[in-house]
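Report on the structure given below.
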Amino acid sequence: MRAMFKELNPPSRVLMGPGPSDVHPRVLKAMATPLIGHLDPSFLQIMNETMELMRTVFETKNELTLAMSGTGSSGMETVFVNLLEPGDKIVIGVNGLFGERMVDVAERCGAEVIRIEAPWGEVIQPEQVEEALQGHARVKAVAVVHAETSTGALQPLAEISQLVHAHEALLIVDAVTSLGGVQIGIDENEVDACYSGTQKCISAPPGLSPVTFSKRAAESMAKRKSKVQSWYLDLSMIQNYWGQERFYHHTAPISMNYALREALRIVVEEGLENTWERHWKLGRALQSGLEGMGLSLHVAENIRLPQLTSVYIPDGVEDVSVRKQLLEQYGIEIGGGLGALKGKVWRVGLMGFSCQPRNVLLFLAALEEVLAQQGADVRREEGRAIAAEAMQK
Ligand SMILES: *Cc1c(COP(=O)(O)O)cnc(C)c1O
């Protein structure tokens, strides 16, 4: 019989959008490792090692640290379905798409959501958290997004954490884009529940969601009166699968666990501080390069992420055709704007394995070329020179 389709052969790309990022060849190789059973003693060893690596990268001693089967959003849902019961009050910071998604998920849990908002591109202020906590009795948790991928804003955590704990609430943090890119400090910032993903700065394919819970959060879950409404994400059962008991719950995605273990091993090998420093240095170099070309950035410097930059689309330039040309002619993928920023900004990622000097210069050169062809008023070569110099330091 003739094969109906050709062999899988997608084009080669440089992934510089809001995720997924390029995957390290070592991770791809790990994924090609032959399978073993998910209850094989050797796989249990691999799970244990992966948990230990996750604790290192989360900067935590939290016992309850494991990888949920699913993308970052499954981690988000895990945190909310396990911590919230119908009628619980939660304060949620909304300053972008992912804050909005947290509200949606929390409402589906039957929680009473108290929204605090900041314009997209800005961050939630400690005073807003304090005001919300003073204005409502017995708030169970406060949730914020550490790195808002829809805008490129970095949410400071320390002050908010103090306020949350002074009111005996739990602090929930979305670290999908921050983990492995900028410091998160789960223990230092006393974060009670945190979820991340594999395809942003961890640079594995999408498919798992590392989560971590403090003792306080674990105690709160143990005191639940109602059953967790999701069978698949119920941590009381998943814990026994990842814990010493190893009760069968669902079949762990074996190859993705191989991938996560190898990706985390690469982060730890480089050293957490070195990883953060690389992201800061190259992110800032890219940003100064874009400004050097004459473009402006959406987020103020003091709260601007290094691994995700939103840059305003210059006047007279067509959003989609620029991105199309970058993709087709140079193989570079970047992201468009979301929500109110649609058609106004591009989102450029430098995450994990994609965060390399060659990508900074390649992207600046390609963008400059495409913009010039579209008749935009850009300063040619200046951006690249500035970025190259910044990377030398
Ligand atoms: C990407 C992202 C998510 C969602 O992760 P998926 O892997 O797409 O499910 C959640 N929060 C933030 C901040 C993200 O960047």
Side-chain angles (χ1 to χ4, degrees), residues 15 18-24 27 50-62 64-79 96 98 101-102 143-150 152-158 161 171-214 217 256-257 259-280 282-283 305-308 349-355:
L15 299 180
S21 56
D22 285 330
V23 174
H24 197 291
V27 174
T50 310
M51 285 193 273
E52 207 171 305
L53 286 162
M54 281 188 276
R55 288 189 193 103
T56 304
V57 175
F58 269 127
E59 302 162 79
T60 186
K61 295 199 172 63
N62 285 344
L64 185 48
T65 303
L66 47 80
M68 298 301 291
S69 304
T71 64
S73 304
S74 78
M76 181 189 290
E77 197 136 11
T78 297
V79 165
F98 293 104
R101 185 175 297 181
M102 292 196 297
V144 291
V145 178
H146 190 217
E148 234 319 336
T149 325
S150 60
L154 174 59
Q155 174 69 55
L157 298 175
S161 174
L171 177 61
I172 296 173
V173 172
D174 176 322
V176 176
T177 282
S178 48
L179 194 71
V182 293
Q183 181 162 27
I184 164 91
I186 293 296
D187 286 358
E188 192 184 321
N189 286 312
E190 295 186 76
V191 176
D192 294 296
C194 183
Y195 56 91
S196 190
T198 41
Q199 80 273 28
K200 313 265 168 119
C201 294
I202 300 297
S203 267
L208 287 177
S209 176
V211 296
T212 186
F213 293 85
S214 71
M256 267 311 296
N257 277 279
L260 175 61
R261 181 181 175 280
E262 188 62 10
L264 292 172
R265 223 162 65 86
I266 291 168
V267 173
V268 171
E269 222 172 76
E270 181 178 10
L272 279 179
E273 273 87 5
N274 296 335
T275 304
W276 302 328
E277 152 120 29
R278 173 168 52 86
H279 283 90
W280 278 110
L282 301 195
L305 285 169
Q307 70 270 47
L308 194 283
L350 278 177
M351 299 182 185
F353 189 59
S354 289
C355 183

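Since the structure is predicted, the reported quantities are computational estimates derived from the model, not experimental observations. Residue numbers start at 1 and run along the sequence shown. Computation of the quantities below employed the complete heavy-atom set of this structure, encompassing side-chain atoms and omitting hydrogens, waters and symmetry-equivalent molecules.
When the salt bridge (charged side-chain N to carboxylate O under 4.0 Å, His left out) test is applied to Arg55, no partner is found at least two apart in sequence or on another chain. Partners of Gln199 according to the side chain to side chain contact (heavy atoms under 4.5 Å, CB included) rule, which considers only residues two or more places apart in sequence or in another chain, are Pro20, Pro206. In this view, Glu262 and Arg26, Arg265 satisfy the salt bridge (charged side-chain N to carboxylate O under 4.0 Å, His left out) rule, not counting sequence neighbours. By the side-chain hydrogen bond (donor to acceptor under 3.5 Å, both in side chains) test, Thr78 pairs with no residue at all, sequence neighbours left out. Considering only residues two or more places apart in sequence or on other chains, Glu270 meets the salt bridge (charged side-chain N to carboxylate O under 4.0 Å, His left out) condition with Arg278. By the side-chain hydrogen bond (donor to acceptor under 3.5 Å, both in side chains) test, Ser196 is found to be paired with no residue, residues two or more places apart in sequence or in another chain being considered. The salt bridge (charged side-chain N to carboxylate O under 4.0 Å, His left out) search around Glu273 returns none, not counting sequence neighbours. Take Thr177 and apply the side-chain hydrogen bond (donor to acceptor under 3.5 Å, both in side chains) test, not counting sequence neighbours, and it matches Thr149. Checked against side chain to side chain contact (heavy atoms under 4.5 Å, CB included), Ser73 has the following partners two or more places apart in sequence or in another chain: Thr71, Arg101. With sequence neighbours excluded, the residues that form a side chain to side chain contact (heavy atoms under 4.5 Å, CB included) with Val182 are His146, Leu154, Ser178, Trp280, Pro306, Gln307.
Considering only heavy atoms from C-beta on, Val23 stays 4.5 Å or farther from Phe353 through its side chain. Looking only at side-chain heavy atoms (C-beta outward), Pro18 and Leu308 come within less than 4.5 Å of each other. Using a 4.5 Å cut-off on side-chain heavy atoms (C-beta onward), Arg261 and Asn257 make no contact. Between Pro210 and Tyr195, the closest side-chain pair of non-hydrogen atoms is not below 4.5 Å. Annotation: side chain of Val144 is in contact with side chain of Val173 (closest heavy-atom distance under 4.5 Å).
The closest donor-acceptor contact from the side chain of Glu148 to the backbone of Ser150 lies under 3.5 Å. Side chain of Thr56 to backbone of Glu52: a donor-acceptor contact under 3.5 angstrom is found. Judged purely by atom type and a 3.5 angstrom limit, His24 has no side-chain atom pairing as donor or acceptor with the backbone of Ala204. With hydrogens and angles disregarded, a donor-acceptor distance shorter than 3.5 Å links the side chain of Ser161 to the backbone of Asn189. Of the possible donor and acceptor atoms, none in the side chain of Ser354 sits under 3.5 Å from a partner among the backbone N and O of Ser21.
Between atom CG of residue Leu157 and atom CD of residue Gln183 there is a gap of 10.5 Å, rounded to the nearest 0.5 Å. Atom-to-atom distance recorded for Ile172:CD1 and Met102:CE is 8.0 Å, nearest 0.5 angstrom. Rounding to the nearest 0.5 Å places CG of Leu260 at 11.5 Å from CE of Met51. The CD atom of Glu277 sits 13.0 Å away from the CG atom of Leu272 when rounded to the nearest 0.5 Å. Note that the CD atom of Glu59 and the CG atom of Leu179 stand 8.5 Å from one another [nearest 0.5 Å]. Atom OG of residue Ser214 and atom NZ of residue Lys61 lie 14.0 Å apart, to the nearest 0.5 angstrom.
The minimum heavy-atom distance linking Cys194 with Ala175 is given by the pair SG-CB, 3.4 Å. Of all heavy-atom pairs spanning Ala193 and Val79, the tightest one is CB-CG1, 3.9 Å. Shortest non-hydrogen contact noted between Met54 and Thr65 is CB-CG2, 3.8 Å. When all heavy atoms of Cys201 and His279 are compared, the pair lying nearest together is SG-NE2, 3.9 Å.
Under 3.5 Å, the side chains of Thr212 and Asn62 contain a donor-acceptor pair of N or O atoms.
A salt bridge (charged side-chain N to carboxylate O under 4.0 Å, His left out) check over residues 173-197, counting only residues at least two apart or in different chains, returns the pairs Glu190-Arg216, Asp192-Arg216. Every pair tested for salt bridge (charged side-chain N to carboxylate O under 4.0 Å, His left out) that includes a residue from residues 202-212 fails, sequence neighbours excluded, so the list is empty.
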Where do Val57 and Val268 land on the side-chain contact (heavy atoms from CB on, under 4.5 Å) test, with the steps shown first?
CA-CA 7 Å; Val57 175; Val268 171; 3.9 Å; yes
